[in-house]
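Everything on this sheet refers to the single structure shown next.
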Amino acid sequence: MRTDTGHVFKLEDYRPSDYLIPRTSLDFRLSPDATHVTALLTIERREGVAPTAPLVLDGDALTLLGVAIDGHALAAGDYEATPDRLTILKPPAAQCFELRLETEIAPSRNEALMGLYRSNNVYCTQCEAEGFRRITYFLDRPDILSVYTVRVEAPHNEAPLLLSNGNPVERGALANGRHYAVWHDPFPKPSYLFALVAGALGKVAGSFTTMSGREVELGIYVEPGKERLAGYAMDALKRSMKWDEDAFGREYDLDVFNIVAVSDFNMGAMENKGLNVFNDKYVLADEETATDADFANIEAIIAHEYFHNWTGNRITCRDWFQLCLKEGLTVYRDHEFSADQRSRAVKRIAEVRTLRAHQFPEDQGPLAHPVRPRRYREINNFYTATVYEKGSEVVRMIRTILGPELFRAGMDLYFERHDGQAATIEDFLKVFEDVSGRDLAQFALWYHQAGTPNLTVSSTHNAAAREFILEIEQSVPPTPAESRKRLMHIPLAFGFVGADGKPVTWAAVEGATVDDGVIHIRKRRHTVRFSGVSERPSVSLNRGFSAPITLSVQQKADDQFFLAAHDSDPFSRWQAFNTLLTDALIAAFRQILDGKEPVFAARLAELAGRVACDEALEPAYRALALALPGESDIARDIGKGIDPDAIFAAREALARIIAETNRDAFSALYDSLADNGPFSPDAASAGRRALRNILLDYLSLLPEGAALAARSVILVAALAVLAHRHSGTAEAEQALAAFEARYRGDALVLDKWFQIQAGVPGAQTVDKVRALMQHPAFSIANPNRVRSLIGTFSSANQTGFHRPDGEGYRLFAETVLEVEKRNPQVAARLATALRSWRSLEPGRQAKAKQALLDMAKVENLSADLRDIVERTLA
Ligand code: BES
Ligand code: ZN
């Protein structure tokens, strides 16, 4: 394990390496405990570098067996080797030479799941960000692009399948039941995109004809016997390949494209060139047990990793500070793909909910950092919602500012200009400046400055002057290491809605640039005067969530009710209703803290009923609108002094009133949505199921609710409703036991069972989680199990995790440390669940802090966990 050195990597310290590695040839002799790796590296000294410059290669926990240059073994004094570094003290004078390295590694003992490891008897690799250095010594940095040839050798019975990046070139049998395969990837790539997979796997085959008529052979490899569960993933892959041609003109470039599903994986999936490796959770879907969210995730992640082939692989990052160059852009692309495949409005609302749930708390807490950070101690901890989701929003804003044609022209220029390069955010912004002639310097602050900007907006209508005035003021709150903020360029999409529900237009505008429905905020204050407006309109702001900001709008509840019924922008219409719900819940929270019964305006519950039954709206949209803001959403909007029990009570009270008010309508609608035909994962069917599930959730609060849930055919959703709304009842216990008995042998399905129980609200869940950690299907070494049980408990169970006596935090800290011994990356990610500890009420705050301090005082903490814990406490 890499323990913390305290070293801070800084963007301004970037400099190109002295040496390049144009060609890499690897030879693996696989064996669980002693895999032998021979690397033949063509090393080239960069022009202008002194021949005396030592060659320093990265390693991590490596054992060096041999080192030779141009065929001659090096003498002891010619190099220095430690587990994490190999220094060739006096490289040859020639500009180019061949370095031969032999290392030995133990995949079966690799529980960090970085580098080469074994999962479920399958050898596989994970090299991003710095895992390649656990395989051989290398210049393990993304600006070193190399052409790889890989030979893999193993006993045939152990590993009939031998895969690596690129195209297959050769394979054959060897003596003693062994065999080998050779792969060649003609596209120069950074080491983090290297991959190798070997084992006994089942194959789902497919093919795709590209826009220029080339045949690409597709393969999805899964645990033997599970082939039938990979059909949806294969279909999603073909649709992704087609979409990238249609939407961005991007064609696939190798003869084969392979995906492998493995059961132990730190992340969701990885875009290795021509050989994507996936967490099996994002490939396998069984109609009986997969939720609609599972299908949507599979589609989105298959697309995301495929899209990296151009945004990430053909054009990669110069250094890890530029991570958003590939991740933010690729998230933007997968969002657009899903929007085109499904419902754009529904997708946008879901994206914004995710951004607010994950990125806003990050941006507003101790772990805040810019989309392009300038500092890191451990790069693994920067695969964050800010880099990904806010990074995607920044790309979306570029499109909003330039319009679709110039945006596409900029992307075309980006692909043309930087193909085969390791690029930067400056390179990316420059293409858009070049195609549009605009100056994006102020806009670039979105990459450089952390924190969620806020806009305060008020309006006045002067009937006599027929003038409507918006007063808009921007502010960016201070974040760690950045106390003073500069003014941003915020594209604020908006619209005026008249009393008849129609758009209200104006004759002229001054005070800000307004074009195509967007106000460009660039100064601290704008007084924007719209002339020729005779009636006072309702103002719909940040339509489509055009900028990732918070809004403080002085607007009457009447206007919100009006917009919730009439706004023509579906996102803003959803937002208006959601704001009403949030405001009501916050008021109820305060009443509860004051020892009062919460009261809600009757028209709110009535509006919920109208939205539910509005046939003009898609079912999926209605389902999203009916979902009350989550407990942590409410907590975030309250800001400080959080008592999760009071939030829970407020939310329960409102849900109950909505259910009681609309009992008959909900019940009839629920029955009418029953699915009779065969199952289909398509978006429209999924939308009907989503609406049915949320109705069931409401109806379950009524006396007859438990029985209704127990009869529901949508298995997983109904189990969650029963377990959460009726925990401890005979119905709930029976349903949980039956589920466990039925799916005992199926780890991915049992993860849902762990998840549901970890999410049961209330103080008793801590003990339940502790008990479930002893369940035979649980394993502290498997990231999916850990995330299902401990991840769900700590990030999706507010009342359980934040139990007032601190027992939730104690279990959490203990488990994080236990996970860390094997897998620091997963432990560090889990630990971020405590990032909002300062917004808790004083009692819980002290206990949460103690849990963090308990972790911080452990000696030899991994770099990953120490970085998170110390920044969280800072
Ligand atoms: N490149 C990442 C995978 C990765 C992340 C490797 C962190 C190493 C460290 C991949 O493209 C990715 O972003 N995967 C996401 C899913 C995606 C749909 C956002 C993931 O794994 O969560
Ligand atoms: Zn990615």
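Just follow the structure's listing: the first ligand is 1, and inside any ligand the first atom is 1.
For Phe407 and Tyr332, the gap between ring centers is short of 6.0 Å. If you look at Phe295 and Tyr232, their ring centroids are closer than 6.0 Å. Remark: aromatic rings of Tyr14 and Phe321 are distant, center separation not under 6.0 Å. Not less than 6.0 angstrom separates the ring centroid of Phe28 from the ring centroid of Tyr123. Ring centroids of Phe812 and Phe793 are separated by 6.0 Å or more, keeping the two rings apart.
Val256 is listed as a side-chain neighbour of Trp183, based on a closest heavy-atom distance under 4.5 Å.
For His308, the N, O or S atom closest to the Zn ion (ligand 2) goes by the atom name NE2. Between the Zn ion (ligand 2) and the N, O or S atoms of Glu327, the shortest distance is to OE1.
Side-chain atoms of Asn279 never come within 3.5 Å of backbone atoms of Tyr282 as a donor-acceptor pair (strictly under, hydrogens ignored).
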Could you pull out every N or O of ligand 1 that sits under 3.5 Å from a protein N or O, with the distance for each pair?
| from | atom 1 | to | atom 2 | distance (Å) |
| --- | --- | --- | --- | --- |
| ligand 1 | 1 (N) | Glu128 | OE1 | 2.6 |
| ligand 1 | 1 (N) | Glu271 | OE1 | 2.6 |
| ligand 1 | 1 (N) | Glu271 | OE2 | 3.4 |
| ligand 1 | 1 (N) | Lys326 | NZ | 3.4 |
| ligand 1 | 1 (N) | Glu327 | OE2 | 2.9 |
| ligand 1 | 11 (O) | Glu271 | OE1 | 2.9 |
| ligand 1 | 11 (O) | His304 | NE2 | 3.3 |
| ligand 1 | 11 (O) | Glu305 | OE1 | 2.7 |
| ligand 1 | 11 (O) | Glu305 | OE2 | 3.2 |
| ligand 1 | 11 (O) | His308 | NE2 | 2.9 |
| ligand 1 | 13 (O) | His304 | NE2 | 3.2 |
| ligand 1 | 13 (O) | Glu327 | OE1 | 3.1 |
| ligand 1 | 13 (O) | Tyr388 | OH | 2.6 |
| ligand 1 | 14 (N) | Ala269 | O | 3.4 |
| ligand 1 | 14 (N) | Glu305 | OE2 | 3.1 |
| ligand 1 | 21 (O) | Gly268 | N | 2.5 |
| ligand 1 | 21 (O) | Ala269 | N | 3.2 |

